[in-house]
Amino acid sequence: MFPPVQEQMDIIKSYASEVFPEDELFAKLEKSYKNNVPLKVKLGCDPSKPDLHIGHSVVLRKLRQFQDLGHKAILIVGDFTAMIGDPSGRSKTRPALSLEETRLNGQTYLEQATKILSSNNLEVRFNSEWLSKMTFSDVIKLASKYTVAQILERDDFSLRFKNNIPISIHEFLYPLAQAMDSVAIEADVELGGTDQKFNLIVGREIQKAYGIEPQCIVLMPILEGTDGKEKMSKSLGNYIALTDSPRDMFGKVMSIPDELIVKYFKYATFPKLEDASKFESELESGKLHPRDAKIETAKRIVSLYYSTEEAEKAHQEFEKVFSKKEAPDEIDTVKVNFEDSVQPLVEVLVSVGLAPSKKEARRLIEQGGVYVDGNRISDIYATIDLTTKRLIKYGKRKFLYVQKD
RNA sequence: GGGCAGGUACCGAAGCGGUCAAACGGGGCAGACUGUAAAUCUGCUGGGGUAUCCCUUCGGAGGUUCGAAUCCUUCCCUGCCCA
């Protein structure tokens with residue numbers, strides 16, 4: 001039923017940034033192989049932000065590999081923990097969510113996650129199932145297993161502490177709550193981004209404290225966002241969503257800084273290892289042009305979530321709009337209802353939703369970013385006749401046909 | 001409980017009675033250039049308006065003043081030290 005243990009190890013370690021303790025994992029795999037029992041592989045997900053992006057895909061793809069090896073993926077929807085708010089990588093306390101909101105988000109999360117995960121070998125659990133049942137004395141018992149010094153070892157806690165940034169007590173409880181998930185499902189392996197290292201280790205410790213065989217840990221690299229600076233996240237707006245259109249997905253990949261190309265190629269697509277090293281060395285030697293490398297990466301990513309045809313189409317579209325500066329194929333048409341068909345352009349830009357305010361629209365016109373039917377408009381008092389359909393280009397990539405209703 | 005220091009635009013951070021829609025940096029947007037929505041350079045970055053004009057904003061609520069982000073009162077929030 002399972003592939004040979006060493007082969008499994010190799011697959012598990014590929015593209016992972018850390019796997020430990022290796023000997024324990026090896027032993028677990030051997031046991032599973034002998035007894036023909038799949039390992040339970042845990043991945044926690046945060047339902048406070050249900051919009052998945054390709055940053056999340058790295059760890060999801062790793063989980064998928066486990067599934068393909070025959071192991072059991074257990075997705076923990078942190079509906080209860082979301083009420084605390086994970087402080088990971090955060091300088092501020094997160095707002096708490098209601099249980100209801102998180103349930104709904106969890107559903108959305110699942111829909112997107114199954115773009116990557118197989119629905120076989122998949123179990124979904126909500127952690128309110130066991131956490132909400134804990135009494136205060138249960139919590140105190142749990143809390144007694146860990147010390148303040150230990151918890152302050154965590155980078156973001158100690159950093160915040162040093163910089164006099166508030167930390168609420170309940171945030172200390174977060175890693176412990178997450179650890180209880182591992183206890184509850186008796187996880188053999190837990191997956192996470194490198195920023196989760198601390199939490200996952202606490203999981204091991206707490207499992208031991210509760211007399212359960214400790215989990216092994218597989219850490220995946222964190223993918224930087226399209227800005228190349230920060231970790232990819234929705235709130236920073238530097239993300240490529242799994243639900244983005246092929247066109248946006250392609251374009252966003254093209255916008256990453258050159259230094260990130262290899263990282264995206266490797267971790268967002270999990271290519272064959274020989275493909276990855278070839279790609280990397282050719283890019284290094286200059287044989288592969290950075291732009292072409294990005295195109296290749298963008299195509300692969302779009303293909304993963306759509307199809308090779310869609311990827312090709314997105315590529316053509318990109319060439320057309322940015323290299324040749326032409327309008328894209330598909331442009332929405334908006335009909336507006338005005339008394340007169342002749343209107344100040346500024347007015348139209350706002351009512352059609354292209355500009356958030358007239359001031360903003362004027363600024364863009366002054367800066368030369370507005371085109372009507374391909375002609376740059378530089379007069380902020382310009383009017384536009386909407387009797388016939390007009391093509392408006394607002395900024396670099398917003399195109400819209402506008403016509404009087 | 002006591003003492004001290006703070007809360008400023010998307011974020012960080014100046015300003016400490018008028019010249020403040022508020023320096024500076026980051027971010028964002030635009031233009032030029034290009035190999036791309038890379039890099040670099042330049043400009044813009046509260047709202048309305050023809051306007052050297054008006055409106056909204058500096059934790060909340062009041063007050064002093066011709067005039068407040070700047071002074072006073074009070075409330076809320078945060079950090080530090082002491083207990």
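Numbered from 1 within each chain, the chains take letters A, B, ... in sequence-line order. Values reported hereafter were calculated over all heavy atoms of this structure, with side chains retained and with hydrogens, waters and symmetry mates removed.
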With heavy atoms under 4.0 Å as the rule, sort [X] into base, sugar-phosphate or nothing.
X      : value
A:P290 : base
A:G369 : sugar-phosphate
A:I256 : sugar-phosphate

Just to confirm, is there a sub-4.0 Å distance from OP1 or OP2 of [N] to any side-chain nitrogen or oxygen of [X]?
X      : N     : answer
A:R362 : B:G49 : yes
A:R291 : B:U36 : yes
A:S255 : B:U36 : no

Mind calculating the distance between [atom1] ([X]) and [atom2] ([N]) to the nearest angstrom?
X      : N     : atom1 : atom2 : answer
A:Y381 : B:G48 : OH    : C1'   : 12 Å
A:N238 : B:A38 : CG    : C1'   : 16 Å
A:L364 : B:C44 : CG    : C1'   : 10 Å
A:H289 : B:A39 : NE2   : C1'   : 13 Å
A:K294 : B:G35 : NZ    : P     : 13 Å
A:R397 : B:A30 : CZ    : P     : 6 Å
A:K396 : B:C33 : NZ    : P     : 13 Å
A:R376 : B:G31 : CZ    : C1'   : 7 Å

Base-pairing assignment for [N] (Watson-Crick or G-U wobble, both under 3.5 Å):
N     : answer
B:G18 : B:C66
B:C33 : none
B:C4  : B:G79

Please measure how far the [atom1] atom in [N] lies from the corresponding atom in [M], and state the result in whole Å.
N     : M     : atom1 : answer
B:G46 : B:G1  : C1'   : 44 Å
B:G12 : B:G79 : P     : 15 Å
B:C58 : B:A69 : P     : 8 Å
B:C10 : B:U45 : C1'   : 11 Å
B:C80 : B:C75 : C1'   : 22 Å
B:C76 : B:G59 : C1'   : 8 Å
B:C71 : B:G2  : C1'   : 26 Å
B:A9  : B:C41 : P     : 29 Å

Assess the pair A:Y146 and A:F172: is the distance between their ring centroids shorter than 6.0 Å?
no
Ring centres of A:Y15 and A:F270 under 6.0 Å apart?
yes
Are a donor atom and an acceptor atom from the side chains of [X] and [Y] found within less than 3.5 Å of each other?
X      : Y      : value
A:Q67  : A:S118 : no
A:N105 : A:T108 : no
A:H56  : A:Q112 : no
A:Q150 : A:T147 : yes

Ion pair present between A:R154 and A:E171, side-chain N to carboxylate O less than 4.0 angstrom?
no
Check this for me: does the side-chain of [X] come within 3.5 Å of the base of [N] through a donor and an acceptor?
X      : N     : answer
A:Q367 : B:G31 : no
A:D258 : B:G35 : yes
A:K359 : B:G49 : yes

Candidates B:C29, B:U36, B:G28 - which lies nearest the side chain of A:F318
B:U36
Selected nucleotide, minimal atom distance to A:D227 side chain, candidates B:G35, B:G28, B:A30
B:G28
Every protein N/O lying under 3.5 Å from an N/O of nucleotides 6-8 of chain B:
none

A:K62 NZ/CZ over A:Y267 ring centroid, <6.0 Å and within 45° of normal:
no
Within 45° cone and under 6.0 Å: A:K145 NZ/CZ vs A:Y210 ring:
yes
More 5' along RNA chain B: A:V321 or A:V370, using each one's nearest nucleotide?
A:V370
Earlier contact from the 5' end, RNA chain B, for A:R363 and A:F250:
A:F250
For A:F338 and A:K404 the tightest heavy-atom approach is O-CE, 3.0 Å
Could I get a table of every N or O pair under 3.5 Å where one atom is in the protein and the other is in nucleotides 77-83 of chain B?
unit_1: B:G79; atom_1: O2'; unit_2: A:N164; atom_2: ND2; d: 3.2

Could you point out which residue of A:E190, A:E24, A:E213 forms a salt bridge (Lys or Arg N to Asp or Glu O under 4.0 Å) with A:R204?
A:E24
Which of A:K294, A:K299, A:R300 passes side chain to side chain donor-acceptor pair (under 3.5 Å) with A:E296? It is A:R300
